[in-house]
Amino acid sequence: MDCVALFMLLFLPGLHWTAAEETSWTYTGMVGQSEWSEHFPECGGTSQSPVDVVTTQTKYDPALTPLTPLGYSQHGNQPFTLYNNGHTAVIELPDWMSLGGLPWLFSAVQMHLHWGNGGPSYGGSEHTINGQSAEAELHVLHYNSELYPNMSAAMTQRDGLAVLGILIVTGEETNPAFNNIINYLSRIRHANQKVFIPAFDVQSLLPEDLGRYYRYNGSLTTPPCYQSVIWSLFNERVQISKAQLLKMETILFSSKAGDPDRMLLQDNYRATQPLNHRAVFASFTAESGKELTSGEVTAIVIGIMCGCVGLAVIVRFIIKTIRSTSSWDVLTNNRPAQMQRMKEPEKAIEKQQEMVLNSTSQAEKREERLSPQTKP
Ligand SMILES: *[C@@H]1O[C@H](CO)[C@@H](O)[C@H](O)[C@H]1NC(C)=O
Ligand SMILES: *[C@@H]1O[C@H](CO)[C@@H](O)[C@H](O)[C@H]1NC(C)=O
């Protein structure tokens with residue numbers, strides 16, 4: 001009974017997700033991108049994704065605090081499910097993984113990848129920055145679990161989904177985190193194939209800097225293209241090796257296992273869509289240096305100003321004190337000089353006199369303290 005409940009909890013949202021995608025569509029060909037809107041009306045909407053982020057036209061929003069993945073690293077012992085849906089490789093995520101840092105709590109549903117074709121041609125990512133593609137893109141999809149009971153209810157609603165977009169570029173070094181997925185792609189070469197893979201730390205796939213990102217309102221990038229997504233595209237790119245990318249781009253088929261026409265699953269990225277007056281916000285400013293956030297820069301500027309003012313006040317005080325001391329010396333004749341000329345016995349006498357004075361003054365003080373009480 002418990003196992004059935006767990007199964008339903010873990011996999012039903014995923015099954016509904018695949019069911020919604022059932023109508024056949026492709027990236028190129030008969031029901032290619034330009035035809036999507038004929039079959040899925042929302043794909044022709046005015047708030048579609050992906051978009052090209054023109055950094056000079058983004059608006060800095062200081063309210064965009066760092067995103068906080070919750071439980072991403074506590075993957076537990078249950079294996080993850082990896083499957084080929086004919087459009088991409090999907091990893092279902094346990095719903096205790098969630099995303100903070102947004103106006104609501106969002107529960108993780110699944111993650112998947114978009115890539116190019118293994119050739120020298122440019123592209124692979126869905127989002128572009130200043131017209132520039134990355135080689136691939138990872139999407140981590142969440143639904144608004146504060147407002148909606150499940151993924152299928154949330155996916156059609158405004159603010160129903162939150163997707164993290166991670167741009168992937170290639171470099172010399174292998175990224176071991178991505179091998180948790182790439183190493184198992186050979187087991188799901190054909191559409192509809194599914195495999196259990198060891199659970200792993202999902203946060204290790206994300207960039208280190210979760211504080212710098214672009215935010216806009218958009219859609220799912222595949223049919224039915226529901227315009228329900230709060231997008232967060234990280235500024236920092238993640239790096240994998242050329243060999244890792246090549247494996248990802250050349251190992252999967254979009255066709256089913258028995259299909260005589262084998263079709264490689266390649267170029268599974270959608271073209272960028274018009275912004276249509278939507279704003280793209282940035283959680284950071286271009287001017288804030290590589291290491292410093294705008295908040296830090298402001299703090300430093302204020303700190304320096306306060307320091308200067310403080311120093312000026314101290315210098316002024318010292319000068320004032322020196323001036324007033326020297327004028328007092330002149331007015332009260334040359335008392336310090338007299339003191340210097342005093343000899344030992346004279347000093348001793350003065351000390352005694354001082355002691356007498358002190359005791360009398362203490363007695364006077366005591367009287368003063370008592371007197372107000374005795375007065376009516
Ligand atoms: C999702 O929630 C809706 C609305 O409460 C409900 O009708 C539907 O059965 C739920 N679906 C799943 C898969 O739990
Ligand atoms: C997204 O849309 C909502 C509702 O219209 C709005 O309140 C919010 O400011 C928008 N967010 C962005 C990033 O444009």
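Because only heavy atoms are used, hydrogens play no part in the values below, and waters and symmetry mates are left out as well, while side chains stay in. Being a predicted model, the structure only gives us computed values, none of them experimental. Whatever order the structure lists ligands and atoms in, that order sets their numbers, starting from 1. All residue numbers refer to positions in the sequence shown, counting from 1.
Ligand 2 is surrounded by R158, R215, Y216, N217, F281, each with at least one heavy atom closer than 4.0 Å.
Pairs engaging residues 160-191 under the ring pair (Phe, Tyr, Trp, His ring centres under 6.0 Å) rule: H190-F253 [sequence neighbours left out].
With a 6.0 Å cutoff to the six-membered ring centre and a 45° limit on the axis angle, R215 does not count as a cation-pi contact of F281.
Side-chain atoms of S73 and D201 form a donor-acceptor pair, as typed in the model, at a separation below 3.5 Å. Remark: the N179 side chain and the Q244 side chain contain an N/O donor-acceptor pair separated by less than 3.5 Å. Counting only N and O atoms by type, the side chains of Y216 and H127 include a donor and acceptor under 3.5 Å apart.
Minimum interatomic distance between D159 and I230 (heavy atoms only, all atoms of both residues): OD1-CD1, 3.6 Å.
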